[in-house]
Amino acid sequence: MSESATPQGNGRSRAGPMGGIRIARISGIDVYLNVSVVIVFVLIVSALGAGVFPTWHPDWSPLVIWLTALAAALVFFVSILLHELAHAVVGRHYGAEIRGITLFIFGGLAHMDREPRGWRAELLMALAGPAASIVIGVVCIALAGFALDPSALDADDPARTLSRLGPAATLLAWVGPVNLVLAAFNLVPGFPLDGGRALRAVLWGVTGDLRLATRQASRLGQGFAWVLIICGIAMALGLRVPVFGSGLVPGLWIALIGWFLNNAALMGYRQLIVRDALDHVPVSRLMDRDVRTVPPNLRLDRLVDDELLRGPQRCFPVVDDGRLLGLVCLQDIRGVPRDDWPATAVEGVMTPRPDLDAVTPDTDAAEALERLTRRDVDQLPVMDGEAFRGLLRREGILRWLSLHADADAGIS
């Protein structure tokens, strides 16, 4: 973990996880859509509309082909969402805190504030997603079969059988096998894939050591990732790789997936190291008590000249008669034209107290870091009842980690 060089943010939440846009809320779980999904969506629709479906149905009109391709891509992403929701539902049942799901370029990702508390819960949660994909795949294939007249089956010529499917059955006939492939890929025993999480759960149960289990599963995940990277590069260079085939675009895609999985495997282990280093450490040990405060009627020009330009502090608690009213930070000031600074009071641009997340001096530092991450802010006010005690900054947590986190946070 490295310290950010960007200006300190205020207390307001920024974009959703991974920069996603919230599109729905299902059973209390926010669903976010990352803009990278557009790339995959266009690729899937293009591949189906220009290649797969015209081959299956040479007699179809372009309109029917492209509408079916569009619908198939939409159903595919719905199936990914159901895969992640299965993880979330089972995880919540066993105490994991799921704050949202993001659909992005490599599929879906459930965002957890707290992992399952035991290896059995971890195992069931990991297997829930692939199980959902298998169920979706089998149901889609079965429905496609039911939609086909038995007299139209031709075991000797599968292509002819496919050509007799209608648009809905064609959609199901494509989505079904794709979900089975998705389940099989996710069951590869390499962290952070579902199979890797299941393996970690088993190792955790056998050894009783979550860190050791995570380290071993992460190493396997890195190994699988490098296999994908090497295969992808070979494909891009024109070599034919068993199972994957060959080609520049597919090769680059496989290599990119491998690169993502390698980074995710590294981060999974590092996050565990961070949680361990902060576990049972109270915020009072990391907080900054020597914090300059400002009154609500202070004008922005005085705040800049008298406070911001005279010290390293970039975020100021707004306090009146000992009560915290809000936080005003550098980016709040940047939102006001310079000519308006002399006429604008701090209370007009600050993030008010009700919009802030706060911690107490006794709050566990690991929980505080989760709040910082969840809200995507750089500091949290520390409150003892209604009394303001200081600020917990990312820098304070990073300093602690640099001194107390294990050196084996990097996996070789």
Next item on the list: Go through the structure and list residues passing ring-ring contact (aromatic ring centres under 6.0 Å, His included) with Trp56, not counting sequence neighbours.
Entry: Phe53
Margin query: What's the separation between atom CD1 in Ile254 and atom CD1 in Ile230, rounded to the nearest 0.5 Å?
Written below: 13.5 Å
Item checked: Side chain to side chain, Phe244 and Pro250, heavy atoms closer than 4.5 Å -> no
Check: So, for Val175 and Ala72, which heavy atoms are closest and what is the spacing to 0.1 Å?
Finding: CG2-O, 4.0 Å
Margin query: Determine whether Leu309 and Val304 satisfy the following criterion, side chain to side chain contact (heavy atoms under 4.5 Å, CB included), listing intermediate values before the conclusion.
Written below: CA-CA 6 Å; Leu309 297 181; Val304 172; 4.1 Å; yes
Margin query: Just verifying a value: how many Å separate Ile397 CD1 and Thr373 OG1, rounded to the nearest 0.5 Å?
Written below: 8.0 Å
Margin query: Could you measure the distance from the OG1 atom of Thr214 to the CD1 atom of Ile273? Nearest 0.5 Å is fine.
Written below: 8.5 Å
Margin query: Run the side chain to side chain contact (heavy atoms under 4.5 Å, CB included) test against Thr207 and tell me which residues pass, sequence neighbours left out.
Written below: Asp209, Leu212
Notebook entry, point to check: Are Arg323 and Glu386 close enough for a salt bridge, meaning some N to O gap below 4.0 Å?
Noted result: no
Note to self: Which heavy atom of Met383 sits nearest to which heavy atom of Arg353, and what is that distance?
What the structure shows: CG-NH2, 4.1 Å
Notebook entry, point to check: Would you say Gln216's side chain and Leu203's backbone share a donor-acceptor pair under 3.5 angstrom?
Noted result: no
Item checked: Donor-acceptor pair, side chain of Arg285 and main chain of Ala365, under 3.5 angstrom -> no
Next item on the list: Please name the pair of heavy atoms, one in Leu324 and one in Pro381, separated by the smallest distance, quoted to 0.1 Å.
Entry: CD2-CB, 3.7 Å
Margin query: Nearest 0.5 Å, please: how far is CD1 in Ile101 from CG in Leu85?
Written below: 4.0 Å
Note to self: Looking at Arg211 and Tyr269, would you say the former's side chain and the latter's main chain have a donor-acceptor pair under 3.5 Å?
What the structure shows: no
Notebook entry, point to check: Is the closest side-chain heavy-atom distance between Leu33 and Phe77 below 4.5 Å?
Noted result: no
Margin query: Quick one, Val382 with Arg289, criterion side chain to side chain contact (heavy atoms under 4.5 Å, CB included). Give me CA distance, side-chain angles, the key distance, then yes/no.
Written below: CA-CA 9 Å; Val382 182; Arg289 292 179 173 82; over 6 Å; no
Note to self: Going by the rule side chain to side chain donor-acceptor pair (under 3.5 Å), which residues pair with Arg371 if we only count those two or more places apart in sequence or in a different chain?
What the structure shows: Asp357, Glu367
Margin query: Quick check: do Phe316 and Val346 have side-chain heavy atoms less than 4.5 Å from each other?
Written below: no
Checklist line | Nearest atoms (heavy-atom pairs only) where Pro317 meets Phe388 | finding: CG-CZ, 3.3 Å
Item checked: Side-chain donor-acceptor contact under 3.5 Å, Asn34 with Ser36 -> yes
Check: Counting N and O atoms only, with roles assigned by atom type, does the side chain of Asp332 sit under 3.5 Å from a partner on the main chain of Cys329, one being a donor and the other an acceptor?
Finding: yes
Notebook entry, point to check: With a 4.5 Å heavy-atom cut-off, do Leu298 and Asp306 have their side chains touching?
Noted result: no
Notebook entry, point to check: Within a strict 4.5 Å, meaning less than it, do heavy atoms of the Ile141 and Pro177 side chains meet?
Noted result: yes
Item checked: From Leu261 atom CG to Leu256 atom CG, the distance as rounded to the nearest 0.5 Å -> 10.0 Å
Note to self: Please determine whether side chain to side chain contact (heavy atoms under 4.5 Å, CB included) holds for the pair Arg393 and Arg399, giving the CA-CA distance in whole Å, both sets of side-chain angles, and the decisive distance to 0.1 Å.
What the structure shows: CA-CA 10 Å; Arg393 308 179 193 273; Arg399 282 194 297 268; over 6 Å; no
Note to self: If the condition is salt bridge (charged side-chain N to carboxylate O under 4.0 Å, His left out), which residues does Arg240 pass it with, not counting sequence neighbours?
What the structure shows: none
Item checked: ring-ring contact (aromatic ring centres under 6.0 Å, His included) partners of Trp119, counting only residues at least two apart -> none
Margin query: With a 4.5 Å cut-off on side-chain heavy atoms, are Phe41 and Leu74 touching?
Written below: yes
Next item on the list: Output yes when a side-chain donor or acceptor of Asn262 lies under 3.5 Å from a complementary backbone atom of Gly258, and no otherwise.
Entry: no
Notebook entry, point to check: Taking the side chain from Asp279 and the backbone from Arg275, do they hold a donor-acceptor pair closer than 3.5 Å?
Noted result: no
Checklist line | Where Leu372 and Arg394 come nearest, the two heavy atoms and their spacing | finding: O-NH2, 3.1 Å
Next item on the list: Evaluate the side-chain proximity of Arg314 to Asp378: yes if any heavy-atom separation is below 4.5 Å, no if none is.
Entry: no
Checklist line | Residue pair Val318 / Glu347, side-chain heavy-atom distance below 4.5 Å | finding: no
Next item on the list: Check for a donor-acceptor pair, side chain of Asp364 on one end and backbone N or O of His280 on the other, with a separation under 3.5 Å.
Entry: yes
Next item on the list: Report the C-alpha distance between Asp288 and Gln379 in whole Å, list the side-chain angles of each, state the deciding distance to 0.1 Å, and finish with yes or no for side chain to side chain contact (heavy atoms under 4.5 Å, CB included).
Entry: CA-CA 10 Å; Asp288 184 358; Gln379 58 276 310; over 6 Å; no
Next item on the list: Measure across Pro296 and Ala345 and return the closest heavy-atom pair with its distance rounded to 0.1 Å.
Entry: O-CB, 3.7 Å
Checklist line | Heavy atoms from other residues, nucleotides or ligands near CH2 of Trp259 exceed 12 (cutoff 6.0 Å) | finding: no
Item checked: Value rounded to 0.5 Å, distance of CD1 in Ile98 from CG in Asp30 -> 12.5 Å
Next item on the list: Mark yes or no for whether Trp400, through its side chain, and Ala277, through its backbone, hold a donor-acceptor pair below 3.5 Å.
Entry: yes
Notebook entry, point to check: Between Asp194 and His87, do the side chains contain an N or O donor and an N or O acceptor separated by less than 3.5 Å?
Noted result: yes
Item checked: Any residue meeting side chain to side chain contact (heavy atoms under 4.5 Å, CB included) with Ala47, in chain and number order, not counting sequence neighbours -> none
